[in-house]
Chemist: 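Take this structure first; my questions come after.
What you see is a predicted model; the values in this text were computed from it and never measured. Note on naming: letters A, B, ... go to the chains in the order of the sequence lines (proteins, then strands), and numbering restarts at 1 for each one.
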There are 2 protein chains.
Amino acid sequence: MISQTEENYLKVLYNLTSLKGEASVNEISKQLDIKMPTVNSMMKRLAEKGLVVYESYKPLKLTAEGKKRATLIIRKHRLTEMYLFEKMGFGWDEVHHIAEQIEHIQAPEFFLKMDELLGFPKVDPHGSPIPDTDGKIATDSYLKLSDCKAGDIVTFMAVQPSSEELLKFLTNRKLSLGLELKIKQVEPFDGSMSISYRNKENETLSNKVCEKLLVSETRRKNS
Amino acid sequence: MISQTEENYLKVLYNLTSLKGEASVNEISKQLDIKMPTVNSMMKRLAEKGLVVYESYKPLKLTAEGKKRATLIIRKHRLTEMYLFEKMGFGWDEVHHIAEQIEHIQAPEFFLKMDELLGFPKVDPHGSPIPDTDGKIATDSYLKLSDCKAGDIVTFMAVQPSSEELLKFLTNRKLSLGLELKIKQVEPFDGSMSISYRNKENETLSNKVCEKLLVSETRRKNS
DNA sequence: ACTAAATATTAGCACTGTCTAACAATAAAG
DNA sequence: CTTTATTGTTAGACAGTGCTAATATTTAGT
Ligand SMILES: [Mn+2]
Ligand SMILES: [Mn+2]
Ligand SMILES: [Mn+2]
Ligand SMILES: [Mn+2]
């Protein structure tokens with residue numbers, strides 16, 4: 001009833017709106033690498049189906065139903081990523097593009113089975129929350145590593161957004177989820193940080209990287 | 001380059017030709033539940049792409065390339081079925097319709113990984129051979145149980161063709177691959193057979209069922 | 001406030017994959 | 001060997017998903 005193509009539009013629209021509050025034809029167009037007129041007519045079609053709120057020249061929004069559909073696809077995507085990572089031994093940088101396809105499989109038993117075999121995981125291999133079967137998604141309240149201060153000790157919880165390149169970079173630096181990071185120093189000029197973790201002392205991470213690492217606070221330096 | 005839809009046509013064409021030597025528009029139409037004119041034009045498109053040999057009013061054939069494409073899809077299908085069965089705990093009657101979708105995933109690493117995790121299996125959960133990475137498929141030389149005689153002792157090797165209903169039926173009768181079957185009696189009137197296996201004595205199987213069970217000969221009765 | 005740039009929309013076209021209706025060819029039956 | 005049934009083909013329609021070119025609207029710059 002809802003095509004693979006439509007599902008991909010819904011997901012992008014969901015990601016954009018949940019990030020910036022609203023989405024535009026132009027942004028969707030860029031994300032999906034599909035020309036604006038095509039996106040425009042698809043938005044109208046999805047509006048027709050009751051999944052998108054469309055008004056000429058206004059920002060785009062998902063209806064409640066559209067939002068639910070989107071999160072259920074994201075659920076399948078993240079469960080799949082976790083399965084590929086945990087049960088099949090793929091790296092966290094390899095799972096996304098496979099999940100991008102498997103998320104469209106219509107077979108509830110299949111995803112239920114993965115969920116069971118995984119022990120009902122709460123997050124995917126990049127630390128993003130897995131929506132529940134009703135499409136409800138836990139809002140994590142992590143902070144960006146780039147917003148922390150020298151002396152803070154934090155736990156590395158998620159990468160967001162997680163490009164394949166960034167994930168490879170983090171793998172090279174032996175940075176994995178759950179690690180305790182000690183912020184040794186923050187360079188005021190460019191925001192780069194000097195971090196200690198594992199047996200590594202004072203590894204430097206650029207601000208560009210630090211912005212994408214989400215952490216939870218473990219201890220804060222008395223100030 | 002080749003769509004999911006086209007892949008499904010190729011596969012059906014392969015199955016029909018390898019079974020009966022040749023295939024017709026009509027048969028493909030029935031198999032896929034798609035009207036003849038649609039099949040007809042698809043055959044022309046696939047001929048255009050060099051995958052099918054099409055001549056008006058002549059039986060349909062696959063080109064070498066078409067055959068290879070088909071077997072590589074079948075490889076993905078059967079590997080998937082085996083993975084679902086062996087590693088995820090699905091029943092042999094549950095795996096087909098999921099594999100029908102997953103066979104279209106474009107991600108060689110994914111299927112390679114399944115192959116590795118399974119230890120490079122040679123057959124799927126229904127006993128059908130899994131084509132190799134070049135698309136070459138081992139031709140099994142089993143016989144139909146229905147062609148065996150009273151007194152024969154045979155090993156149950158494959159179900160073909162394997163409908164979900166038949167598989168459920170076999171599961172109920174505790175008939176699984178690898179079992180040794182002793183043919184006690186063949187009813188001349190309707191070809192039904194009385195079989196002993198496991199701790200079961202003289203279970204009766206209709207000819208309709210026996211035709212679909214493939215076996216390898218273990219011992220033959222001295223005649 | 002006016003102009004230029006960016007964004008959004010409309011119109012029109014192409015290709016895929018499906019259908020129905022009408023017609024043609026082949027195969028089956030008598 | 002005709003007639004009939006089955007199978008195959010052609011023609012034309014339509015929905016889905018993409019495009020380009022042209023136009024309209026909104027936003028940003030001066
Ligand atoms: Mn992902
Ligand atoms: Mn996708
Ligand atoms: Mn199958
Ligand atoms: Mn399929």
Side-chain angles (χ1 to χ4, degrees), chain A residues 1-17 19-62 66 69-70 73 100-101 103-104 106, chain B residues 1-17 19-62 66 69-70 73 100-101 103-104 106:
Chain A
M1 207 62 275
I2 174 172
S3 73
Q4 187 153 329
T5 308
E6 289 170 328
E7 289 193 339
N8 284 329
Y9 278 94
L10 281 186
K11 227 179 33 150
V12 166
L13 184 46
Y14 179 86
N15 284 333
L16 286 170
T17 49
L19 204 70
K20 318 185 192 180
E22 58 183 40
S24 67
V25 170
N26 191 246
E27 285 166 323
I28 298 174
S29 169
K30 282 177 194 151
Q31 287 272 319
L32 288 174
D33 195 25
I34 285 174
K35 295 293 178 294
M36 282 203 292
T38 306
V39 173
N40 191 273
S41 53
M42 180 56 89
M43 289 305 108
K44 285 179 170 178
R45 293 199 330 104
L46 291 174
E48 210 58 40
K49 295 195 181 188
L51 303 173
V52 163
V53 183
Y54 174 87
E55 286 179 279
S56 275
Y57 297 104
K58 295 252 173 69
L60 296 160
K61 279 185 299 186
L62 284 167
R69 299 290 189 101
I73 301 158
E100 200 55 54
Q101 297 178 65
E103 69 189 356
H104 305 290
Q106 285 332 147
Chain B
M1 206 62 273
I2 174 170
S3 73
Q4 187 153 328
T5 307
E6 289 170 326
E7 291 193 339
N8 284 331
Y9 278 93
L10 281 186
K11 225 178 35 148
V12 167
L13 184 45
Y14 179 87
N15 285 333
L16 286 171
T17 50
L19 204 69
K20 317 187 194 180
E22 57 183 40
S24 67
V25 171
N26 191 247
E27 286 166 323
I28 299 175
S29 169
K30 282 176 193 153
Q31 286 272 319
L32 289 172
D33 195 26
I34 284 174
K35 294 294 178 294
M36 282 203 292
T38 306
V39 173
N40 191 274
S41 53
M42 180 57 88
M43 288 306 107
K44 286 178 170 179
R45 299 217 355 263
L46 291 174
E48 210 58 41
K49 295 196 181 185
L51 303 173
V52 163
V53 184
Y54 174 87
E55 286 179 277
S56 274
Y57 297 104
K58 295 252 172 70
L60 297 160
K61 281 186 300 186
L62 284 167
R69 299 291 189 101
I73 300 158
E100 200 56 52
Q101 297 178 65
E103 68 188 356
H104 305 291
Q106 285 332 144

Chemist: Take atom NZ of A:K35 and atom C1' of D:dA22, then tell me their distance rounded to the nearest Å.
Modeler: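 Distance check: A:K35 NZ to D:dA22 C1' gives 17 Å.
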Chemist: Nearest whole angstrom, please: distance from the P of C:dG17 to the CG of B:N8.
Modeler: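 After rounding, the gap between these two atoms is 11 Å.
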Chemist: Provide a list of protein-nucleic acid N or O atom pairs under 3.5 angstrom, restricted to nucleotides 5-11 of chain C.
Modeler:
from	atom 1	to	atom 2	distance (Å)
C:dA8	OP2	A:N26	N	2.6
C:dT9	OP1	A:Y54	OH	2.7
C:dT9	OP1	A:Y57	N	2.7
C:dT9	OP2	A:N40	ND2	2.1
C:dT9	OP2	A:Y54	OH	3.4
C:dT9	O5'	A:N40	ND2	3.0
C:dT9	O5'	A:Y54	OH	3.4
C:dT10	OP2	A:K44	NZ	2.2

Chemist: Could you tell me the separation between the CD1 atom of B:I34 and the P atom of C:dT16, rounded to a whole number of Å?
Modeler: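 Spelled out: CD1 on B:I34 to P on C:dT16 is 16 Å.
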Chemist: Rounded to whole angstroms, how far apart are CG on B:L60 and C1' on D:dT7?
Modeler: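 Answer to the nearest Å: 12 Å.
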Chemist: Write out all pairs satisfying salt bridge (charged side-chain N to carboxylate O under 4.0 Å, His left out) with one or both partners inside residues 46-59 of chain A, taking only residues at least two apart or from two chains.
Modeler: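 The answer is A:E6-A:K49, A:E55-A:K58.
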Chemist: Please identify each residue that fulfils salt bridge (charged side-chain N to carboxylate O under 4.0 Å, His left out) with B:K30, with sequence neighbours left out.
Modeler: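 Expected list: none.
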Chemist: For B:T38, what residues pass the side-chain hydrogen bond (donor to acceptor under 3.5 Å, both in side chains) criterion, not counting sequence neighbours?
Modeler: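 So B:T38 forms no side-chain hydrogen bond (donor to acceptor under 3.5 Å, both in side chains) with any residue.
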Chemist: Nearest-Å distance, CD (B:Q4) to P (C:dT18)?
Modeler: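 In whole Å, C:dT18 P lies 11 Å from B:Q4 CD.
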Chemist: Give the rounded distance in Å between these two atoms: CE of B:M43 and P of D:dT10.
Modeler: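 My rounded result for the distance is 14 Å.
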Chemist: Report the distance from atom CD of B:E22 to atom P of D:dT7, rounded to the nearest whole Å.
Modeler: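 So the two atoms are 14 Å apart, to the nearest Å.
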Chemist: Could you list the residues that satisfy side-chain hydrogen bond (donor to acceptor under 3.5 Å, both in side chains) with A:K11, not counting sequence neighbours?
Modeler: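 For A:K11 the side-chain hydrogen bond (donor to acceptor under 3.5 Å, both in side chains) partners, ignoring immediate neighbours, are A:E100, A:E103.
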Chemist: Output yes when at least one side-chain N/O atom of B:T5 is less than 4.0 Å from OP1 or OP2 of C:dG17, else no.
Modeler: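 For C:dG17, OP1/OP2 do have a side-chain N/O of B:T5 under 4.0 Å.
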Chemist: Between A:H104 and A:Q4, do the side chains contain an N or O donor and an N or O acceptor separated by less than 3.5 Å?
Modeler: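 Looking only at side-chain atoms, A:Q4 and A:H104 do not form any donor-acceptor pair under 3.5 Å.
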Chemist: What is the distance, rounded to the nearest whole Å, between atom CG of B:L32 and atom P of C:dC19?
Modeler: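 My rounded result for the distance is 10 Å.
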Chemist: Using the test side-chain contact (heavy atoms from CB on, under 4.5 Å), find all partners of B:N40 that sit at least two apart in sequence or belong to another chain.
Modeler: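 Residues passing side-chain contact (heavy atoms from CB on, under 4.5 Å) with B:N40: B:V25, B:K44, B:Y54.
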